[in-house]
Amino acid sequence: MSPEESKSHRPTLPTTFDPATFEMKWYRQQEESGLFRPESAPADAVPFTMVIPPPNVTGRLHVGHALGRTLEDILARWRRMQGRAVLWVPGVDHAGIATQMVVERDLFDRTGRTRHDLGREEFLDLCHEWGYARRHDILDQIRRLGCSCDFSREYYTIDEVRSRAVRRVFCELYHQGLAYRDNRMVNWCPRCATVLSDLEVNHTEQNGHLWSIAYPLSDGSGEIVVATTRPETMLGDTAVAVNPEDERYRDFVGKSVDLPLTDRKIPVIADSFVDMTFGTGAVKVTPAHDASDFEAGRRNNLASVLVIGFDGKMTKDAGGAYEGLDRFEARKKVLRDLEARGLRRGEKSHLNAIGRCQRCDTILEPLVSLQWFVKIKPLAEKAMQAVDSGQVVFTPDTWRKTFDEWMRNIRDWCISRQLWWGHEIPAWYDKDGNVFVPKPGEPDPPESLGLTRDPDVFDTWFSSWLMPFSVLGWPEKTEDMKRFYPTDVMVTGFDILFFWVARMIMAGCWFPGDVPFRNVFLHGLVRDERGHKMSKTRGNVVDPLEMCDEYGADAVRFTLAVLSGTGRDLPFGKSRTAGYRAFATKVWNATRFAIGMLGDEPPKPLAPFHSLSLIDRWILSRLSSACAKVNASLEVFRFDEAAGALYAFFWSEFCDGYVEFVKPVLRDPALPEAEKEKTRAVLHLVLMRSLALLHPFMPFVSCEIREALNGDGARLPQEAFPASVPEWDDPLAVATVEILRGTITRIRNLRAERGLSQTVVLEAILEVPEGDLAPSLESQRGLLMSLARLGTLTIGGKAEVEGAFHDAIGPVGLAVVLPRTELTPEEAAKRRKEIAALDKDIAALEAKLSDEGFRAKAPAAVIEKARKQLQDLTSRREKLLVNLPGGSA
RNA sequence: AGGGGGUUAGCUCAGCGGCAGAGCGUCUGCCUUACACGCAGUAGGCCAUCGGUUCGAAUCCGAUACCCCCUACCA
């Protein structure tokens, strides 16, 4: 669009904007232009790669996703503008249990049939159909946020390529002896009817009871009292254990007891795992339903009796009186029956931790079952090495410790799940239970062998942990794999550090043989505005998409970026988002002002720096600093600092400072047009670069504004990201403007306090220390007079005038001639307070400076600074005293 | 039980060895021709407590007190 054309719609720029009118327009333009593909960069560009943590296909984009994707998009757009070939791969997770449950419920609601009515094959077709239909919903929600992912490389954790990777990994592990099948204690969810890994267990503390139960000795010589929190499991007891050191029970060891409510006799054994001080010091041992009992059972060669089944009901082995009872009903009955036999020896309340299913909150049943496991230690060791050696860097660093701690104590991973929906396990069995797993790259065994395939599927995480390379086509040696692996950054919440991040590092180091990513940025959990955890029951869930509709995606993104630096809880909500929408509006309106000021002529190129006015050099100097800060902060994932630097520069310096300075300059009829041209060029350039700085954070409104300002919104995402410009470093200009703005503030404050309106013209005298500050200030005389509304201004000489108001700005003394000079009582009180504070600081500084140790050991620069400061404070103190009634405070 | 983290302005948090910062909120003026999603100005903090290191500590070390999180088989 030419400048002429852009002019035509200038008058229509309203004072506030409606994000809905342009956000998707720019997004479509960017996606369709191919910008989001790494191929849009030159062939020799250095790649920058990220993979989206796959959201659950059954879900909707929640605010946690919004945070992670926003931070990733900031990185992606920033790196793209720096000229990198950015590949950011989006995708979704097939979510085994969740999808199966949703599809099952849907099937039942529609047809009244269950998956068993349908049969496995047909049900799986349904899951596939459902997943492919739904997965675009959540990807579209990611688009709504503005994410610049390469959708041409989109993945689905159960698609063909990803399935190949999963199969390959399992076969490798099996033939390396690292995947094994064993009867072990596992976490069973009776409701989901599947085993879960240790990580999928939520431990909650609960008030329960500790019951004491008497087990009579078989020889009639007495009884032994055991303590338990789960009486129903006694039906599966196969021993009673005591500590070998325990004098009380020494004589019992080796005897047998009659297990009440059954006809079994079980031995009393000695095992040091028993804590003598807990309960009665005697433990009932139920190897089939308790992890530590399971270990004890193995050590002591005890039988294992499964009395609670996969459905959570008592089994036949629990005895006829109990078979079929729910486990919690069985507990009540066992207690009643023991009571009836006079075997209860009391109870007390007891706080214990119980495991619940992460998905459905059902109390899990620990039971022994035949499952597939990964022997994880060897993988963990490689992963720890990669982290220790700095090949993977954690940000914030503190998570490294948590990672280390977990990895050191890592336990084997149960990877089989009793579901239909998932990656099927490539393992076959013959009639005798012999296992056959194909070698990596080999096909399924021929049907002619008559083998039976394992009916189970893999844990969903068993596909997710391969994401950083499976999305690039591994195990094939693809071009993408060569160019884009290892990836650069993984952004995700700390809550899945173990579930996912640690496992990805293990998988990366083990399979492709290189770390999956060089950096991990772990963000906190988004909470509501008051810091409460969002939950459906609390009703405080904030929908990021609704927020985008209400405030614009740009405002939501900027808010999340600002929050990301805060601790582990990020308080997010409407008032904050509204605040950052105000920032977008500010940029919008500043541009409206600039457009008006710039006129119709295309902007001239920037004049040589030294030939520019002081305020022009000042703003360029500040712009350069802001660029440096934004880049340095993003480099170390301090999104909050980057966004904050941008916000402060644009609002406080550019709008409140520069724009206000520029107004009288550009409106001054006496100023030569050539000078105005130079300033217009600066105004234009600073705004242009500010929009470029802003673009990664607010990709929509930045383009819309650029379009209005310069007609090139579409080019903005590819523009070079602004860097600092060392030639624009101008400390004198910065110092001068500081005095300038300080002086203006003081005089405005004086007007406010004295009730002097803007129309009252004042006279002021500035006393400036020796050096180049005086001529520098002198050059801005007109500006100062105009902004402070002065009739007369003297720069130089003593700022001590009979009957004037005296103050100081840093090292500069200020005297303002007023109609009434004596201080009001409030002013005097305030001033005395300030002088008292100054006295304190001065005394401290004097003490410091006269301290031998300080003079000997502190760096010269620090001493010099202190000396200068003392001088400033002392001179300020003097000036404050001038028209204070009663003189010295 | 073990591990990690927190305690700074009314609220949410930055700062992590050399004059206490931001955003939001409060208060006081203003619809000043970019912007009331705004402008100008103001108030507000023994940086949890106690010791130590240092010329110098909100900042480093130790202890205490609350608070949070993670891991864990005490029946």
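Letters A, B, ... are given to chains in the order of the sequence lines, protein chains preceding strands, and every chain is numbered from 1. Everything numeric in this text was worked out from a predicted model, so none of it was measured. Only this structure's heavy atoms are used, side chains among them; waters, hydrogens and symmetry mates stay out.
Atoms CZ (A:F558) and C1' (B:C24) sit 15 Å apart, rounded to a whole Å. In this entry the distance linking CG of A:L570 with C1' of B:G23 reads 15 Å, nearest Å. Regarding A:R576, its CZ atom lies at a distance of 15 Å from the P atom of B:A22, rounded to whole Å.
Glycosidic conformation of B:C46: syn, with the torsion inside 90° of 0.
For B:G18, the OP1/OP2 oxygens have no side-chain nitrogen or oxygen of A:K865 closer than 4.0 Å. Using a 4.0 Å cut-off, some side-chain N or O of A:H350 falls inside it from OP1 or OP2 of B:A75. In terms of phosphate contacts, A:R638 brings a side-chain nitrogen or oxygen within less than 4.0 Å of OP1 or OP2 of B:G15.
When the P atom is compared between B:G18 and B:A36, the two are found 42 Å apart, to the nearest whole Å. For B:G15 and B:U8, the C1' atoms lie 9 Å apart once the distance is rounded to whole Å. Here, B:C37 and B:G23 have their C1' atoms 15 Å apart, quoted to the whole Å. B:U12 and B:U28 are spaced 25 Å apart, taking the P atom of each and rounding to whole Å. As rounded to the nearest Å, B:U54 and B:G62 have C1' atoms that lie 16 Å from one another. Atom P of B:G2 sits at a distance of 16 Å from the matching atom of B:A72, rounded to the whole Å. Rounded to a whole angstrom, the distance from the C1' atom of B:G25 to that of B:U42 is 14 Å. For the C1' atom pair drawn from B:C60 and B:C68, the interatomic distance equals 24 Å after rounding to whole Å.
As judged by a 4.0 angstrom heavy-atom cut-off over every strand, A:F294 is placed among residues making no nucleic acid contact. No engagement by A:P366 is indicated, since no non-hydrogen atom pair under 4.0 Å with the nucleic acid exists.
A distance below 6.0 Å separates the ring centres of A:Y580 and A:Y647. In this structure, A:H350 has its ring center under 6.0 Å from that of A:F278.
One side chain, A:D198 or A:N187, offers a donor N or O that lies under 3.5 Å from an acceptor on the other. Using a 3.5 Å distance cut-off with no hydrogens or angles, the side chains of A:T204 and A:R356 do pair a donor with an acceptor. Using modelled atom types, one finds no donor on one side chain facing an acceptor on the other under 3.5 Å when comparing A:K348 with A:S212. Checking A:W188 against A:E365 by side-chain atom types alone, no donor-acceptor pair falls below 3.5 Å. Between the side chains of A:S292 and A:E295, no donor-acceptor pair of N or O atoms lies under 3.5 Å.
Looking at heavy atoms from C-beta onward, A:V556 lies in side-chain contact with A:F572 at the 4.5 angstrom threshold.
A cation-pi contact, defined as under 6.0 Å to the ring centre and within 45° of the axis, is absent between A:K663 and A:Y658.
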Give the B/S/- string for nucleotides 32-46 of chain B, one per nucleotide from 5' to 3', where a protein heavy atom under 4.0 Å of the base yields B, of only the sugar-phosphate yields S, and otherwise -.
--BB-BSSSSSSS--
Return a single string for nucleotides 66-71 of chain B, one symbol per nucleotide in 5' to 3' order, where B is base contact, S is sugar-phosphate-only contact and - is none, cutoff 4.0 angstrom on heavy atoms.
---SSS
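Using a cut-off of 4.0 Å between Lys/Arg side-chain N and Asp/Glu carboxylate O, A:E738 and A:R741 are scored as not salt-bridged.
You'll find that the side chain of A:P571 is closest to B:U12, out of B:U12, B:A14, B:G18.
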